[in-house]
Amino acid sequence: ITSTGQWLLLGSKDYLEQKGYKVLYGDTDSLFVKIKEGEASNLEVNGGMIAKDLNLYWKEKLRTDFNVGSYLEIEYEKFYKKFVLTQSRGSESGAKKRYAGLLIENGKQKIEFVGMESVRSDWTRLAKDFQAELYDRIFNGKEIENWIVDLVVGLKEGKLDDKLIYRKRLRKDLDDYVKNVPPQVKAARMLDDKSSIVKYVITKKGPVPIGLNPTDIDYNHYIDKQLRPIADSILVLLGTTFGSIIDSQQLNMF
(Lines give C-alpha, C1' and ligand atoms only; values in the text may rest on other atoms or scores of the structure.)
Protein backbone atom coordinates (compact mmCIF):
# COMPACT_ATOMS: atom_id res chain seq x y z
CA ILE A 1 0.00 0.00 0.00
CA THR A 2 2.78 2.40 0.95
CA SER A 3 4.75 1.71 -2.23
CA THR A 4 1.64 2.18 -4.36
CA GLY A 5 0.90 5.48 -2.64
CA GLN A 6 4.44 6.71 -3.30
CA TRP A 7 4.20 5.61 -6.92
CA LEU A 8 0.94 7.52 -7.36
CA LEU A 9 2.35 10.68 -5.76
CA LEU A 10 5.51 10.61 -7.83
CA GLY A 11 3.53 9.89 -10.97
CA SER A 12 1.20 12.79 -10.20
CA LYS A 13 4.21 15.03 -9.57
CA ASP A 14 5.77 14.11 -12.93
CA TYR A 15 2.50 14.68 -14.76
CA LEU A 16 1.89 18.08 -13.14
CA GLU A 17 5.44 19.22 -13.87
CA GLN A 18 4.95 18.27 -17.52
CA LYS A 19 1.91 20.56 -17.43
CA GLY A 20 4.09 23.43 -16.20
CA TYR A 21 3.28 23.28 -12.49
CA LYS A 22 5.88 23.27 -9.73
CA VAL A 23 5.31 20.63 -7.04
CA LEU A 24 6.65 21.96 -3.75
CA TYR A 25 6.13 19.02 -1.45
CA GLY A 26 4.56 15.58 -1.27
CA ASP A 27 3.06 14.03 1.84
CA THR A 28 1.56 10.62 2.58
CA ASP A 29 -1.60 11.31 0.62
CA SER A 30 -1.28 14.86 -0.70
CA LEU A 31 0.68 17.13 -3.00
CA PHE A 32 1.46 20.82 -2.56
CA VAL A 33 1.40 22.50 -5.96
CA LYS A 34 2.36 26.07 -6.83
CA ILE A 35 -0.34 27.52 -9.05
CA LYS A 36 0.43 29.35 -12.25
CA GLU A 37 0.32 33.09 -12.74
CA GLY A 38 -3.28 34.30 -12.87
CA GLU A 39 -4.89 31.16 -11.43
CA ALA A 40 -5.31 32.68 -7.95
CA SER A 41 -8.26 34.77 -9.18
CA ASN A 42 -10.53 31.73 -9.17
CA LEU A 43 -9.05 29.22 -6.77
CA GLU A 44 -11.94 26.83 -6.32
CA VAL A 45 -12.42 26.38 -10.07
CA ASN A 46 -8.73 26.17 -10.98
CA GLY A 47 -7.87 23.94 -8.03
CA GLY A 48 -10.74 21.65 -8.93
CA MET A 49 -9.61 21.52 -12.55
CA ILE A 50 -6.11 20.38 -11.53
CA ALA A 51 -7.63 17.56 -9.48
CA LYS A 52 -10.04 16.62 -12.28
CA ASP A 53 -7.19 16.56 -14.79
CA LEU A 54 -5.18 14.23 -12.53
CA ASN A 55 -8.13 11.88 -12.10
CA LEU A 56 -8.57 11.65 -15.88
CA TYR A 57 -4.84 11.05 -16.33
CA TRP A 58 -4.80 8.14 -13.86
CA LYS A 59 -8.01 6.69 -15.28
CA GLU A 60 -6.45 6.51 -18.73
CA LYS A 61 -3.01 5.37 -17.52
CA LEU A 62 -4.34 2.52 -15.36
CA ARG A 63 -6.60 1.35 -18.18
CA THR A 64 -3.82 1.49 -20.77
CA ASP A 65 -0.95 0.10 -18.68
CA PHE A 66 -2.76 -2.42 -16.47
CA ASN A 67 -6.19 -2.87 -18.03
CA VAL A 68 -7.92 -1.96 -14.76
CA GLY A 69 -10.46 0.69 -13.82
CA SER A 70 -9.45 3.60 -11.61
CA TYR A 71 -11.15 4.23 -8.29
CA LEU A 72 -8.84 7.11 -7.39
CA GLU A 73 -10.49 10.35 -6.36
CA ILE A 74 -7.99 13.18 -6.03
CA GLU A 75 -9.58 16.32 -4.61
CA TYR A 76 -8.66 19.98 -4.32
CA GLU A 77 -8.49 20.70 -0.59
CA LYS A 78 -7.21 24.19 0.24
CA PHE A 79 -5.16 27.15 -0.94
CA TYR A 80 -2.25 28.65 1.00
CA LYS A 81 -1.60 32.23 0.02
CA LYS A 82 1.89 31.79 1.44
CA PHE A 83 3.59 28.55 2.44
CA VAL A 84 6.71 27.67 4.42
CA LEU A 85 8.24 24.21 4.54
CA THR A 86 10.73 24.41 7.41
CA GLN A 87 14.04 22.60 7.40
CA SER A 88 14.77 19.53 9.46
CA ARG A 89 16.95 20.52 12.38
CA GLY A 90 20.58 19.98 11.50
CA SER A 91 19.70 19.46 7.85
CA GLU A 92 19.23 21.54 4.73
CA SER A 93 16.29 19.46 3.56
CA GLY A 94 12.65 20.00 4.39
CA ALA A 95 11.14 18.22 7.36
CA LYS A 96 8.33 15.75 6.78
CA LYS A 97 4.87 16.94 7.84
CA ARG A 98 6.29 20.14 9.28
CA TYR A 99 5.03 23.26 7.57
CA ALA A 100 2.97 26.42 7.97
CA GLY A 101 0.66 28.15 5.54
CA LEU A 102 -1.32 31.36 5.34
CA LEU A 103 -4.97 30.56 4.63
CA ILE A 104 -7.82 32.89 3.74
CA GLU A 105 -11.06 31.70 5.32
CA ASN A 106 -14.27 33.75 5.14
CA GLY A 107 -12.25 36.78 4.16
CA LYS A 108 -9.93 36.48 7.17
CA GLN A 109 -6.30 35.39 7.36
CA LYS A 110 -5.37 32.33 9.37
CA ILE A 111 -2.01 30.65 9.84
CA GLU A 112 -2.19 26.86 9.85
CA PHE A 113 0.65 24.97 11.53
CA VAL A 114 1.26 21.27 10.92
CA GLY A 115 3.72 19.24 13.00
CA MET A 116 5.18 22.33 14.66
CA GLU A 117 5.57 23.61 18.22
CA SER A 118 2.33 25.58 18.26
CA VAL A 119 0.32 22.36 17.94
CA ARG A 120 2.37 20.23 20.34
CA SER A 121 1.27 19.82 23.93
CA ASP A 122 4.77 19.46 25.37
CA TRP A 123 5.96 22.97 24.47
CA THR A 124 5.48 26.05 26.63
CA ARG A 125 3.07 28.87 25.98
CA LEU A 126 6.14 31.04 25.39
CA ALA A 127 7.19 28.85 22.45
CA LYS A 128 3.70 28.65 20.95
CA ASP A 129 3.02 32.38 21.18
CA PHE A 130 6.50 33.17 19.85
CA GLN A 131 6.04 30.92 16.84
CA ALA A 132 2.57 32.26 16.04
CA GLU A 133 3.74 35.89 16.19
CA LEU A 134 6.98 35.20 14.31
CA TYR A 135 5.20 33.58 11.38
CA ASP A 136 2.53 36.28 11.35
CA ARG A 137 5.26 38.90 11.07
CA ILE A 138 7.08 37.02 8.32
CA PHE A 139 3.95 36.28 6.30
CA ASN A 140 2.78 39.90 6.55
CA GLY A 141 6.15 41.62 6.07
CA LYS A 142 6.34 43.08 9.58
CA GLU A 143 9.54 44.01 11.46
CA ILE A 144 11.24 41.03 13.12
CA GLU A 145 14.65 41.75 14.61
CA ASN A 146 13.77 44.47 17.12
CA TRP A 147 10.70 42.48 18.14
CA ILE A 148 12.82 39.41 18.91
CA VAL A 149 15.33 41.48 20.89
CA ASP A 150 12.56 43.13 22.92
CA LEU A 151 10.96 39.76 23.64
CA VAL A 152 14.22 38.25 24.91
CA VAL A 153 14.83 41.31 27.10
CA GLY A 154 11.31 41.03 28.50
CA LEU A 155 11.85 37.33 29.15
CA LYS A 156 15.03 38.00 31.14
CA GLU A 157 13.26 40.74 33.11
CA GLY A 158 10.69 38.18 34.29
CA LYS A 159 7.78 39.66 32.34
CA LEU A 160 6.90 36.32 30.69
CA ASP A 161 7.19 33.97 33.67
CA ASP A 162 3.56 32.88 33.34
CA LYS A 163 4.37 31.44 29.89
CA LEU A 164 7.30 29.25 30.98
CA ILE A 165 5.38 26.32 32.44
CA TYR A 166 5.89 22.86 31.00
CA ARG A 167 2.93 20.50 31.17
CA LYS A 168 3.85 16.88 30.64
CA ARG A 169 2.10 13.59 31.26
CA LEU A 170 3.63 10.74 33.24
CA ARG A 171 3.35 7.54 31.23
CA LYS A 172 4.12 5.23 34.16
CA ASP A 173 4.63 5.23 37.93
CA LEU A 174 7.43 7.40 39.30
CA ASP A 175 9.25 4.38 40.73
CA ASP A 176 9.42 2.84 37.26
CA TYR A 177 11.78 5.56 36.02
CA VAL A 178 15.23 4.24 36.88
CA LYS A 179 17.86 4.75 34.19
CA ASN A 180 16.51 7.70 32.25
CA VAL A 181 14.75 10.22 34.47
CA PRO A 182 13.07 12.99 32.41
CA PRO A 183 12.53 16.50 33.84
CA GLN A 184 8.84 15.97 34.60
CA VAL A 185 9.68 12.96 36.77
CA LYS A 186 12.33 14.89 38.69
CA ALA A 187 9.77 17.63 39.32
CA ALA A 188 7.01 15.20 40.30
CA ARG A 189 9.22 13.51 42.87
CA MET A 190 9.44 16.80 44.78
CA LEU A 191 5.70 16.67 45.51
CA ASP A 192 3.29 14.24 47.12
CA ASP A 193 0.81 14.90 44.33
CA LYS A 194 0.26 11.77 42.25
CA SER A 195 -1.35 13.58 39.32
CA SER A 196 -0.48 12.22 35.89
CA ILE A 197 0.05 15.77 34.56
CA VAL A 198 3.15 17.52 35.91
CA LYS A 199 3.50 21.31 35.73
CA TYR A 200 6.99 22.64 36.23
CA VAL A 201 9.55 25.25 35.19
CA ILE A 202 13.27 24.97 34.59
CA THR A 203 15.35 26.74 37.22
CA LYS A 204 19.09 27.09 37.66
CA LYS A 205 18.81 24.04 39.91
CA GLY A 206 16.86 22.04 37.37
CA PRO A 207 13.13 21.25 36.96
CA VAL A 208 10.93 22.40 39.87
CA PRO A 209 7.13 22.00 40.12
CA ILE A 210 5.20 25.26 40.08
CA GLY A 211 3.57 24.21 43.36
CA LEU A 212 6.85 25.06 45.10
CA ASN A 213 6.78 28.62 43.69
CA PRO A 214 10.29 28.59 42.16
CA THR A 215 11.92 31.97 41.54
CA ASP A 216 15.42 31.29 40.17
CA ILE A 217 14.23 30.56 36.64
CA ASP A 218 16.87 29.62 34.10
CA TYR A 219 15.98 32.06 31.34
CA ASN A 220 18.88 30.90 29.17
CA HIS A 221 17.27 27.47 29.03
CA TYR A 222 14.11 28.97 27.52
CA ILE A 223 16.11 31.09 25.09
CA ASP A 224 18.17 28.13 23.85
CA LYS A 225 15.59 25.32 24.03
CA GLN A 226 12.31 27.08 23.26
CA LEU A 227 12.95 30.22 21.23
CA ARG A 228 16.13 29.49 19.28
CA PRO A 229 14.99 26.23 17.54
CA ILE A 230 11.71 27.80 16.43
CA ALA A 231 13.40 30.93 15.12
CA ASP A 232 16.31 29.28 13.32
CA SER A 233 14.08 26.83 11.44
CA ILE A 234 12.63 29.76 9.47
CA LEU A 235 15.15 32.59 9.87
CA VAL A 236 17.67 30.61 7.85
CA LEU A 237 15.33 31.13 4.89
CA LEU A 238 15.72 34.88 5.42
CA GLY A 239 19.51 34.74 5.59
CA THR A 240 19.87 35.36 9.31
CA THR A 241 19.87 33.49 12.64
CA PHE A 242 18.44 33.90 16.10
CA GLY A 243 21.93 34.21 17.55
CA SER A 244 22.98 37.03 15.25
CA ILE A 245 19.84 38.95 16.20
CA ILE A 246 20.03 38.65 19.98
CA ASP A 247 23.78 39.35 19.96
CA SER A 248 22.95 42.89 18.83
CA GLN A 249 24.25 45.92 20.72
CA GLN A 250 20.87 46.51 22.34
CA LEU A 251 20.82 43.11 24.03
CA ASN A 252 24.47 43.26 25.03
CA MET A 253 23.77 46.54 26.80
CA PHE A 254 20.97 44.84 28.74
Side-chain angles (χ1 to χ4, degrees), residues 84 86-91 95-100 111-138 144 147-236 241-243 245-247 251 254:
V84 172
T86 63
Q87 294 183 347
S88 299
R89 290 180 189 151
S91 171
K96 294 182 178 180
K97 295 187 179 181
R98 182 179 168 85
Y99 55 85
I111 298 177
E112 183 175 74
F113 292 98
V114 175
M116 302 177 77
E117 289 75 10
S118 65
V119 295
R120 290 174 53 180
S121 61
D122 57 345
W123 282 70
T124 64
R125 175 52 54 189
L126 172 73
K128 295 179 180 182
D129 289 352
F130 175 68
Q131 186 169 66
E133 177 71 11
L134 176 61
Y135 277 72
D136 177 74
R137 287 175 173 270
I138 290 174
I144 297 173
W147 168 74
I148 290 178
V149 170
D150 290 343
L151 185 141
V152 172
V153 170
L155 170 64
K156 288 195 168 187
E157 288 178 341
K159 296 178 179 179
L160 303 175
D161 286 1
D162 60 328
K163 296 184 177 185
L164 306 183
I165 300 169
Y166 286 97
R167 293 172 175 82
K168 294 193 177 182
R169 181 181 298 275
L170 297 176
R171 301 298 179 181
K172 50 188 177 181
D173 292 337
L174 292 177
D175 294 338
D176 292 336
Y177 292 92
V178 180
K179 292 184 178 181
N180 297 316
V181 183
Q184 63 267 30
V185 174
K186 294 179 181 178
R189 285 176 175 172
M190 298 180 186
L191 298 173
D192 293 330
D193 185 8
K194 302 301 182 182
S195 173
S196 62
I197 302 295
V198 182
K199 300 178 182 179
Y200 65 95
V201 296
I202 300 297
T203 72
K204 294 179 180 178
K205 299 175 183 177
V208 176
I210 59 173
L212 297 182
N213 299 315
T215 56
D216 58 336
I217 296 176
D218 184 357
Y219 295 116
N220 286 329
H221 162 86
Y222 290 93
I223 292 172
D224 291 335
K225 303 299 183 181
Q226 295 281 287
L227 301 183
R228 189 186 301 274
I230 291 173
D232 280 343
S233 67
I234 188 170
L235 291 178
V236 65
T241 65
F242 181 78
I245 292 174
I246 65 171
D247 285 341
L251 193 57
F254 170 81

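Keep in mind that the numbers below use all heavy atoms, side chains included, and drop hydrogens, waters and symmetry copies. Only a predicted model underlies this, so the values are computations on that prediction, with no experimental measurement involved.
- Pairing each heavy atom of Ile111 with each of Ala132, the nearest pair is CD1-O, 4.3 Å.
- Counting only residues at least two apart or on different chains, the salt bridge (charged side-chain N to carboxylate O under 4.0 Å, His left out) pairs with a member in residues 205-224 are Asp224-Arg228.
- Atom-to-atom distance recorded for Tyr219:OH and Thr203:OG1 is 11.0 Å, nearest 0.5 angstrom.
- Counting only distance, with no hydrogens or angles, the side chain of Arg169 and the backbone of Val198 share no donor-acceptor pair below 3.5 Å.
- Listed by chain and number, the residues in a salt bridge (charged side-chain N to carboxylate O under 4.0 Å, His left out) with Arg125 are Asp129 (sequence neighbours excluded).
- Looking only at distances, no side-chain donor or acceptor of Tyr166 sits under 3.5 Å from a matching main-chain atom of Lys199.
- Taking the six-membered ring for Trp and the full ring otherwise, the centers of Phe130 and Trp147 sit less than 6.0 Å from each other.
- Note: Leu151 CG to Leu134 CG = 10.0 Å, rounded to the nearest 0.5 Å.
- Pro209 and Pro214 make their closest contact through O-CD, 3.5 Å (heavy atoms, listed as atom of the first residue, atom of the second, distance).
- Note: Gln131 CD to Ser233 OG = 6.5 Å, rounded to the nearest 0.5 Å.
- Heavy-atom minimum distance, Pro207 versus Met190: O-CE, 3.1 Å.
- Across every non-hydrogen atom of Ile223 and Lys156, the tightest pair is CD1-CE, 3.4 Å.
- The ring-ring contact (aromatic ring centres under 6.0 Å, His included) test applied to Phe242 returns no partner, not counting sequence neighbours.
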Leu227 and Ile148: CA distance, side-chain angles, deciding distance, side-chain contact (heavy atoms from CB on, under 4.5 Å) verdict: CA-CA 9 Å; Leu227 301 183; Ile148 290 178; over 6 Å; no
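- Below 30°, between 30° and 60°, or above 60°: for Tyr135 and Phe113 the angle between ring planes is above 60°, a perpendicular geometry.
- Taking NZ of Lys225 as the reference point, atom CG of Asn220 lies at 11.5 Å (rounded to 0.5 Å).
- Among Ile165, Leu212, Thr124, Asp161, the one residue that satisfies the side chain to side chain contact (heavy atoms under 4.5 Å, CB included) test with Val201 is Ile165.
- Considering only heavy atoms from C-beta on, Tyr222 stays 4.5 Å or farther from Lys163 through its side chain.
- From Leu174, atom CG reaches atom CZ of Arg189 across 6.0 Å, with rounding to the nearest 0.5 Å.
- Of the inter-residue distances, the one linking Leu160 atom CG with Asp162 atom CG reads 7.0 Å to the nearest 0.5 angstrom.
- The side-chain heavy atoms of Trp123 and Arg167, taken from C-beta on, include no pair separated by under 4.5 Å.
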Test log, rule side-chain contact (heavy atoms from CB on, under 4.5 Å), inputs Ile245 and Leu235: CA-CA 10 Å; Ile245 292 174; Leu235 291 178; 3.9 Å; yes
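- Within a 6.0 Å sphere centred on CG of Asp175, other residues, nucleotides and ligands contribute 12 heavy atoms or fewer.
- In this structure, Val185 and Leu170 have side chains that are in contact, with non-hydrogen atoms separated by less than 4.5 Å.
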